[in-house]
Amino acid sequence: MDFFARQDQARRKTKWLVLYFTLAVISMIVMIYGVAVFASAYVGLRRHHYYSDQSSFGFWDVKLFAEVALGTLAVIFCGSAYKTMALAGGGGAVAESLGGRLVASNTTDPDERKLLNVVEEMAIASGVPMPQVYVLDDEKGINAFAAGHTTSDAVVAVTHGAVKLLSRDELQGVIGHEFSHILNGDMKLNVRLIGILFGILCIATIGRILLYARSGNSRDKNPLPVIGILLLVVGSLGLFFGRLIQAAVSRQREFLADASSVQFTRNPAGLSGALQKIGGYGFGSWLISAHAPDAGHLFFGNGIPRSAFHALSTHPPLEDRIRAIDTTWDGKFPRVNLDEIKAEIQNHQREPRPVFIDGKMIMLGGAMLSADAAGKPPVIKPHYVLPNLGNPTPLHLKYAENMRAALPENLLTAVREPLDAVALIYALLLSPDEKMRATQTDEIAKRVSAAVSEKAVALFNDVTQTGAAARLPLVNLALGALKQLSAEQFQNFSQTLAWLIQSDGKVELFGFVLQKIVLRHLAPKFGAVRPTAIQFYTLKPLVTDCAVVLSALANVGSEVPNEIQKAFDTGAPYLRAPDDSELVLRPREQCGIDPISEALDRLALAVPIIKKNLLEACAHVVGADGVIQEGEAELLRAVADTLDCPMPPLGVPE
């Protein structure tokens, strides 16, 4: 199953979630109506409001049912809407509600640094923007989760127990599991589920309130505590439905995420070791947060005591998960000894190994090239592009490990400091012309600060030497630090970035797309939340947008009219547009910044199959000569990122 099929499956899963929710709400209405009938018949509520003639009482009453239905719907939907709005901030809001603490991108704590290094490598390997990382300091159990509406607001959160007790390989297996949820489109569904469950559980909350209600007159017969008890019972049934929905949505996805993690890391022992430690650890994967039951389906391991009804468990049994990935397991959970674990982790720590050839970092497919291979950039066949999209391999992970290790130390430091990350983005866009570059840095000093301008100049040479293959990974790694800017700093940054793109009088497509990537992924953090719901299900209204993007890419590779037309004609058939559509090459002047920006924004709201066909067409446009060069590959990855399609590094051998 490819990336786009998994996205479609996640979208269809949302429809099933709506069905489950509807059935749960109908059942709740029926049960609450039964409570209302009981109250009317036996508690005396009818004489206060419903009936003047007690002989008229019957089990079925349309007015009572309508009021119960409307009241129940109001409570559930208001509760769901409230929780959904509270989580509108994305994964960070979820992590903070569970007691998470944001890990600073420049942390020096060795355990936190190990965690961030693993996440950085996963981000580079998968093409996913660097998510913010949280630690749940109060949780001693071994657990983790990924949450967010899109890759732009995604976070990875890990419990204190996992950070302290898992080796690097085990942590990599757990993080690989969470990244599979990001790539498979599970995150948005899981966050929606939290909001839905909160609405259902509001009934039980109202029951608790009524249970302790007191009448103003001690002589009056107060029905509210009795009604409260009954609503608590109904609320418990609501909890049953909630757990049933959680189990239906998440159980099978956990097996898939385990398999994806093993496929990604090619190290089943790492993930198996993490699961075995959960089984042999006194705290297991349990969570103490009061909100843990609402978010139990998010976590790597079962965070709440296992239900007596196995079908209601949000996670498969540990034994089944381990045997699915490790057939050599003996069925025993070794006892977790903290001293032994500390010694084990220290013995298996891996130090970065920077490798340079003549002062320049040379990399291909995770293996450093020999000196005589320097200067020969990797080439990619167009039909190799889509199979790896959303499907990073162990070679991609090895590539990412080596790339991060080989980056100059000042670049690695820069991507972790907010203002240095700003300078890094500017450095990526500085002109190669020395005179123009001086003009640009002078203006940056006026717009932002002299320190940022000086840092951009200091980073320019290293950025240039790392080559095209490192530009997009550097941008993705810097996003975590950029999200820590203040609102005022972000405004200055975005305005200066827009000026810098056009400062030399000519706009390169990669520079523009780089700007778009940065601002898109920072938008949720700074309030400019972009729409994420699918709006286009057919290609017809998007043909013009596709033509603009394909024409822009065709113009990048050549200035010769015949070659531009040939490139466009090579890729256009892969779009699979209707024969009567106006899919024709647009003149260069119609492929400027504004048309491309509008086109990409609209195409980002299309169904996955349209994105798939578009990216295939783009790959054949830039590879019209039969190969995709290094610079073209990074441009293609940048376009894919604007469409919410994370693309692993290209050029990694199969």
Side-chain angles (χ1 to χ4, degrees), residues 98-100 111 114-115 118-119 134-147 156-181 190 246-247 250-262 264-265 267-289 292-293 295-307 310 312-345 348:
L98 291 164
D111 290 321
K114 175 183 69 175
L115 171 62
V118 170
V119 177
Y134 284 78
V135 171
L136 308 182
D137 289 315
D138 296 331
E139 301 291 354
K140 295 182 179 180
I142 300 173
N143 225 322
F145 70 84
V156 171
V158 180
T159 61
H160 178 81
V163 173
K164 292 295 183 181
L165 298 177
L166 297 183
S167 68
R168 195 183 196 281
D169 284 349
E170 291 165 347
L171 194 59
Q172 189 181 73
V174 172
I175 300 301
H177 174 105
E178 298 309 327
F179 263 76
S180 74
H181 284 310
N190 287 340
Q246 281 182 316
S250 66
R251 280 173 63 86
Q252 195 60 33
R253 308 299 287 181
E254 294 305 311
F255 278 124
L256 293 175
D258 285 346
S260 296
S261 176
V262 171
F264 190 0
T265 63
N267 183 13
L271 185 59
S272 175
L275 292 169
Q276 289 181 47
K277 277 185 178 176
I278 291 175
Y281 182 43
F283 291 98
S285 56
W286 286 15
L287 304 165
I288 63 173
S289 170
H297 57 287
L298 292 178
F299 282 87
F300 170 73
N302 190 18
I304 54 179
R306 184 177 297 181
S307 168
H310 184 63
L312 299 184
S313 296
T314 56
H315 292 67
L318 285 175
E319 296 84 353
D320 293 351
R321 293 176 67 182
I322 296 172
R323 288 195 175 95
I325 59 175
D326 185 0
T327 57
T328 64
W329 182 52
D330 60 7
K332 299 178 181 178
F333 292 108
R335 185 175 62 86
V336 173
N337 183 294
L338 298 183
D339 293 332
E340 292 177 0
I341 287 175
K342 289 179 181 178
E344 174 192 354
I345 291 175
H348 288 83

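What's counted below: heavy atoms across the whole structure, side chains too, no hydrogens, waters or symmetry copies. Since the model is a prediction, treat every value here as computed from it, not as a measurement.
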Are the side chains of [X] and [Y] in touch, meaning some heavy atoms are under 4.5 Å apart?
X    : Y    : result
L275 : I325 : yes
F333 : I322 : yes
H181 : E254 : yes
F300 : I142 : no
N143 : I278 : no
V174 : V158 : no
L98  : F145 : yes
P316 : F255 : yes

Could you check whether any side-chain N or O of [X] sits under 3.5 Å from a backbone N or O of [Y], counting only pairs where one atom can act as donor and the other as acceptor?
X    : Y    : result
S260 : L256 : yes
K140 : F283 : no
H315 : F299 : yes
S285 : N302 : yes
T265 : G173 : no

Would you give the length of the straight line joining atom [atom1] of [X] to atom [atom2] of [Y], rounded to the nearest 0.5 angstrom?
X    : Y    : atom1 : atom2 : answer
R168 : I175 : CZ    : CD1   : 11.0 Å
E178 : S261 : CD    : OG    : 9.0 Å
L271 : D169 : CG    : CG    : 11.5 Å
E319 : Q276 : CD    : CD    : 11.0 Å

Do you know the tightest heavy-atom contact between [X] and [Y]?
X    : Y    : result
D258 : R321 : OD2-NE, 2.9 Å
E170 : A274 : CG-N, 3.8 Å
K114 : V163 : NZ-O, 3.7 Å
H297 : N190 : NE2-O, 2.8 Å

Strictly by modelled atom types, are H160 and D138 linked by a side-chain donor-acceptor pair under 3.5 Å?
no
Show, in sequence, the C-alpha distance, side-chain angles and deciding distance for V135 and L115, and conclude whether the side chain to side chain contact (heavy atoms under 4.5 Å, CB included) test is met.
CA-CA 10 Å; V135 171; L115 171 62; 4.1 Å; yes
